[in-house]
2 protein chains.
Amino acid sequence: MRREEILRATAHLIEEHGIALLRVADVAVELDVSPALVVYHFQTKDALIAEALTWAAQQDLDRLALATGGEGSSRDRLFAALAWYAPTGSERGWRLWIENWAAGLREPALRQVGRELDLVWKESLTEIIQAGVAEGDFVTADARGAAWRITALLDGLAVQAIVHRGVVGREQLTAWSMQAVAAELGLDASLLSPGTP
Amino acid sequence: MRREEILRATAHLIEEHGIALLRVADVAVELDVSPALVVYHFQTKDALIAEALTWAAQQDLDRLALATGGEGSSRDRLFAALAWYAPTGSERGWRLWIENWAAGLREPALRQVGRELDLVWKESLTEIIQAGVAEGDFVTADARGAAWRITALLDGLAVQAIVHRGVVGREQLTAWSMQAVAAELGLDASLLSPGTP
DNA sequence: CCAGTAACTGACTGATCAGTCAGTTATTCA
DNA sequence: TGAATAACTGACTGATCAGTCAGTTACTGG
């Protein structure tokens, strides 16, 4: 469907140049159609932006479900989830979501999109942690709190990794993430990579 | 000096409406001068924005120096620093710096402003931690790492506190911050408020 | 008190762009 | 097949705004 191609192109352009610099004409050029077509489908630029971010959030959630839905151990599912989320891995749409934080300060509709994605992520992480605790893999008295603290740390590290790229190395960021996760979940340092027996 | 009034007004408007919506005319209205005067002093809007953020960063650094420069114990200096930085306290220019993260993705000049502030903050925090370790108040093998991890956590919590205001309570955010700081620096939970013997 | 300079203004312009509109092409389905 | 509808276009317009410019007012030091 054409609408979806437009959303994908829009999300891509926002990722690349930011919400502020997005022009309807650029989206049209990207798809080799007329600007009027973009307006025909979305009426206003603001609606286009909102839908593009919603679409991107849905894409992210689909990939999260895929990453964490496997039948492996809690440890494996945890590492899959972290690999997806952490700014040191395949890097999902981090730039998009940092944009979204700023835009969300003024636009409740955009804020809501990011918030929902954020909450679903934390819920998934909490669920994995709880499963791990039940199976005896992890130790924590507060799965939800651990999920929030881990997420906050990863968000903060993401700012370093994405905005201040190069100030500190990827390995360092990964090490800090893993250290925090290990501390929260009572893992020992030797268990910091997936697949270890 | 007039330049500084303009910078203050600009920073204030960015804080309120974001960089994207800043108009030269609004800055002029704020000060009851003509738009041409603003251009006279700063030549371009981009230069104005860059200088306003630099000015705001300098203000922040001055306040940081004030907060941490006291002659108290390491513990007191640490708490003063955290009270200044953490999004649960007096809230400095958090909205401004979240804006800056997004803007910094595209504009190296703006990225640099935020980066410098960030690095000075971490340096101050590291210095306080090292002093505390020397005095036997704190225990950590890696003061710099601790400072980075604490900062990352606080940045992540700031996104929750400022962008997603209301999803989780202030007391909760404070508790998590303090818990993380205590864990990093080998404090016990009873030492989580300043002034405790 | 006056010359030189800094601060400031009002009126303007040129570029940019979201969104409109009247019409054309493609698709569907009865 | 043909009528109805959806997808699409080119040409346009109206609003917005950063930045210009030719001047005026205020300040400062000699």
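First the proteins, then the strands, lettered A, B, ... as listed; each starts at 1.
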From CG of A:Leu31 across to P of D:dA7 the rounded distance in Å is 15 Å
Using a heavy-atom distance cut-off of less than 4.0 Å, which residues of residues 102-109 of chain B contact DNA chain C?
-> none
Donor-acceptor list for residues 36-43 of chain A side chains, cut-off 3.5 Å, not counting sequence neighbours:
unit_1  : atom_1 : unit_2  : atom_2 : d
A:Gln43 : NE2    : A:Tyr40 : O      : 3.1

Sequence-distant partners of B:Tyr85, ring-ring contact (aromatic ring centres under 6.0 Å, His included), two or more places apart | B:Trp94, B:Trp121
If a protein heavy atom is under 4.0 Å from the base, mark B; if only from the sugar-phosphate, S; if neither, -; do that for nucleotides 9-19 of chain D going 5' to 3'.
-> BB------SSS
Compare side-chain N and O positions of A:His41 against OP1 and OP2 of D:dC8 and report whether any pair is under 4.0 Å apart.
-> yes
Identify, with sequence neighbours excluded, every residue that meets side-chain hydrogen bond (donor to acceptor under 3.5 Å, both in side chains) alongside A:Asp62.
-> A:Gln58
Sub-3.5 Å donor-acceptor pair from the side chain of B:Arg95 to the main-chain atoms of B:Glu15, do we have one?
-> yes
Contacts of type side-chain hydrogen bond (donor to acceptor under 3.5 Å, both in side chains), residue B:Asp26, not counting sequence neighbours | B:Arg23
Say whether, by atom type as modelled, one donor and one acceptor occur between the side chain of B:Asp155 and the main chain of A:Val159 under 3.5 angstrom.
-> no
Is it true that a side-chain atom of A:Arg106 and a backbone atom of B:Glu16 form a donor plus acceptor pair closer than 3.5 Å?
-> yes
Note, B:Thr68 side chain near B:Leu78 side chain (heavy atom, < 4.5 Å) | no
